[in-house]
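Residue numbers begin at 1 in each chain, while the letters A, B, ... track the order of the sequences. Computed from a predicted structure; not experimentally measured.
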Number of protein chains: 2
Amino acid sequence: MSDTTHIPTLDDVARVAGVSTATVSRCLNEQQKVSAKTLERVMKTINDLGYTPNFNARAMAAKRTHTIGAIIPTMENAIFARGLQAFQETLHASGYNLLVSSSAYQPDLEAEQIRALVARGADGLLLIGYERGQDIYDYLQRRGVPTVLAWTSHPDGGHASVGFDNCAAMRMLADRVLAMGHRRIAVISGIVEGNDRAEGRLRGIRESLVAHGQDPDALPVIQTAYEIENGAAAFETLMAQDPRPTVVMCGNDVLAAGAISRAKHLGLAVPEDVSITGFDDIELASILHPTLTTVHVPHRDMGCIAAQELIDMVEKRSMGATRKLEVSLAMRESLRPVVEP
Amino acid sequence: MSDTTHIPTLDDVARVAGVSTATVSRCLNEQQKVSAKTLERVMKTINDLGYTPNFNARAMAAKRTHTIGAIIPTMENAIFARGLQAFQETLHASGYNLLVSSSAYQPDLEAEQIRALVARGADGLLLIGYERGQDIYDYLQRRGVPTVLAWTSHPDGGHASVGFDNCAAMRMLADRVLAMGHRRIAVISGIVEGNDRAEGRLRGIRESLVAHGQDPDALPVIQTAYEIENGAAAFETLMAQDPRPTVVMCGNDVLAAGAISRAKHLGLAVPEDVSITGFDDIELASILHPTLTTVHVPHRDMGCIAAQELIDMVEKRSMGATRKLEVSLAMRESLRPVVEP
DNA sequence: TTGTAGGCGTTATCAA
DNA sequence: TTGATAACGCCTACAA
């Protein structure tokens, strides 16, 4: 085996097949513009040589990459996994590839990755939530990169978005909790700063309290990053109050999983001693013990619709629509009515 | 705001700053070769214009991308999340970017994605496991793309790899299970075909049986994809046997989570009625009820070491070493000795 | 249906 | 320290 192995290029294929590079290129991109005979010969040569088109050269010449970029806050847990999977499947069906990065919930990292993805020639971008610097939106518009915001519903409709109203969703759950007689509510929230989803969910609870004549400022809230262990720690802190809460509402299922786990270690029965709720309805929610009452989010739908909208924008079929999806309550074992003494 | 916004290029910067494109390029890549004065002027221009280097052009000219590609079998659950996170952090610290794709456990999809990543100019690749067609290894070598195999320990040392011996690890757990008096063992395995990790783990159990004078062919095994629901279904099937198993060993924690969940629904107490074990020790394992006895895999170490090895290979400091890591048993509540009647 | 040739935005080699 | 200029591999009018 020679050590100076040459990586075949379009030129090589053209030379061996006895045609021009233009013809080879056509065989790759617009087969209908090529006679069946040459097509066959060229394809055989491509195979024989083991030729693979150079993506970067392609991107430069065509100014299109058939690549969509997505930046999600975390890959560490399953929150975005299902939606992203659907997103990617839909893209793939239309001949697009997906590039994913994770911003670790850090705005500056997200900005950096947006630039990186654009620099790589992404035809479009999927971002989570709407809360970020105006400079980023300006940049995206200047570069003409179609962008869809997901997992959120942008309040002033200035951007293409596919998602749901986090505030209304959580308010719906809180209404139910209050209707069950709970009056001592505590909250384990995600970090609200720079996270419109977390902020909306927390606000939803407060709005519900107000609507029921309760004082929203008296609500005990712990903000913490979305990790199981953090949920556990926050739960323990909240339960140390006297009198202790009858229900702990969590900003997502991961925090709730931590809370349930810690409850067990503390010898507290759920929901007999304390109710716990989540948000997202990831697979974990239905295998926890007790099973978790949570807000069901249509992750797969969101992913599919976001992908389709983005493709439509890239291909100039849409100017950027706003789609608002419905969520529902998944009532399970971890929440139950307060039993009056 | 003009509608014909122009995206600034190196040329634009050069023209505005009154220098050549070569100088601008130097300011970007080898600042020490440029006088402080021009450097400052050029940097200011870059800022003013909002210039971002075009990645594809760069890749073509430099034949390096500072990008590493990784193809993992799934993003749907947390199995690879922690290790990949560590992998990416280590890369980032050395100025490399990470591109991730998921193959959904499909060999042909993996092959396709390997080609895609190479076509994009990835400087190196991280793959999971060693079992794949020789043609792929040939391709990688022909293209001169450094590759590290992880989550596995290649038997014949022909490739760079960072991982552990799946077979020995599971055998260690099985030895323990047998030492606890269990004789009716059943297994929920991942799909062995094309998955050397799953195959090794299953083999480990069989070897342990043989060493203990048991018949490995009498072992009930269900192979199924790594999903919670599949673990649950398989568990139910296995428990329908008479006499039923005293322990169900699962190919990973996700399957075990499904098994525990289903046990509860069936009214079976774990570990009183049946013991359950997992593999991987993902975060989920310690919050399940009961907590899961499993094989602890040093995910973060694996990610860090793999990244470092890959970087060393890309930068010609290593020819491709093989690193074998130690695993340990995480003994928790879900496994307990058989109580003789 | 096929071929010619210019250009995409960088880097890198040589000179100056 | 700086500047021309030739690649890099492909696409795409435009011509034939």
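Note: CZ (B/R26) to P (C/dT10) measures 16 Å, nearest angstrom. Protein atom NE2 of B/H6 is 12 Å distant from nucleotide atom C1' of C/dC8, rounded to whole Å. C/dT1 atom P lies 10 Å from atom NZ of A/K33, rounded to whole Å. In this structure, B/D11 atom CG and C/dC8 atom C1' are separated by 11 Å, rounded to whole Å. Between A/M60 atom CE and D/dT12 atom P the separation is 13 Å, expressed in whole Å. Following rounding to the nearest Å, B/E40 (CD) and D/dT2 (P) show an atom-to-atom distance of 13 Å. Atom CD of B/E30 and atom P of D/dT1 are 12 Å apart (whole Å). Between the CD atom of B/Q31 and the P atom of D/dT2 there is a distance of 13 Å, given to the nearest Å.
At a threshold of 4.0 angstrom between heavy atoms, the contacts of B/V34 are confined to the sugar-phosphate backbone, with no base atom among them. Using a 4.0 Å heavy-atom distance criterion, B/N56 is classed as making no nucleic acid contact. Residue-level contact check: A/S25 touches the bases, meaning some heavy atom is under 4.0 Å from a base atom. Contact annotation for B/L10: base contact, defined as any heavy-atom pair under 4.0 Å involving a base atom. Residue contacts shown for B/F55 are absent, as no nucleic acid heavy atom lies under 4.0 Å away.
Side-chain nitrogen and oxygen atoms of A/N29 include at least one within less than 4.0 Å of the OP1 or OP2 phosphate oxygen of D/dC11. Residue B/T21 places none of its side-chain N or O atoms closer than 4.0 Å to OP1 or OP2 of C/dT10. Between A/T9 and the phosphate of D/dC8, there is no side-chain N or O to OP1/OP2 separation shorter than 4.0 Å.
Listed nucleotides: C/dT1, D/dC10, C/dG3. Nearest to the side chain of A/S35: C/dT1. Side-chain proximity of A/A57 to D/dT12, C/dT11, D/dG9: nearest is D/dG9. Nearest to the side-chain atoms of A/K63 among the listed nucleotides C/dG9, D/dG9, D/dT2 stands C/dG9. Of all nucleotides listed (C/dC8, D/dA4, C/dG9), D/dA4 comes nearest to the side chain of B/A22. The side chain of A/T38 approaches C/dT2 more closely than any other nucleotide in the set D/dC10, D/dT2, C/dT2.
The shortest distance between side-chain heavy atoms of B/Q31 and B/V34 does not fall below 4.5 Å. Between B/D312 and B/M319 the shortest side-chain heavy-atom distance does not fall below 4.5 Å.
Minimum interatomic distance between A/S102 and A/M75 (heavy atoms only, all atoms of both residues): CB-CG, 3.9 Å. In plain terms, the two heavy atoms of B/T38 and B/S35 that are nearest each other are OG1-OG, 2.7 Å.
Mapping B/S20 and B/A62 onto DNA chain D by nearest heavy atom places B/S20 closer to the 5' end of the strand.
A donor atom on one side chain and an acceptor atom on the other are found under 3.5 Å apart for B/N29 and B/R58.
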Q: Determine, step by step, whether B/H159 and B/Y137 satisfy the ring-ring contact (aromatic ring centres under 6.0 Å, His included) criterion, reporting the C-alpha distance in whole Å, the side-chain angles of both residues, the deciding distance to 0.1 Å, and the verdict.
A: CA-CA 9 Å; B/H159 300 273; B/Y137 289 120; 4.1 Å; yes

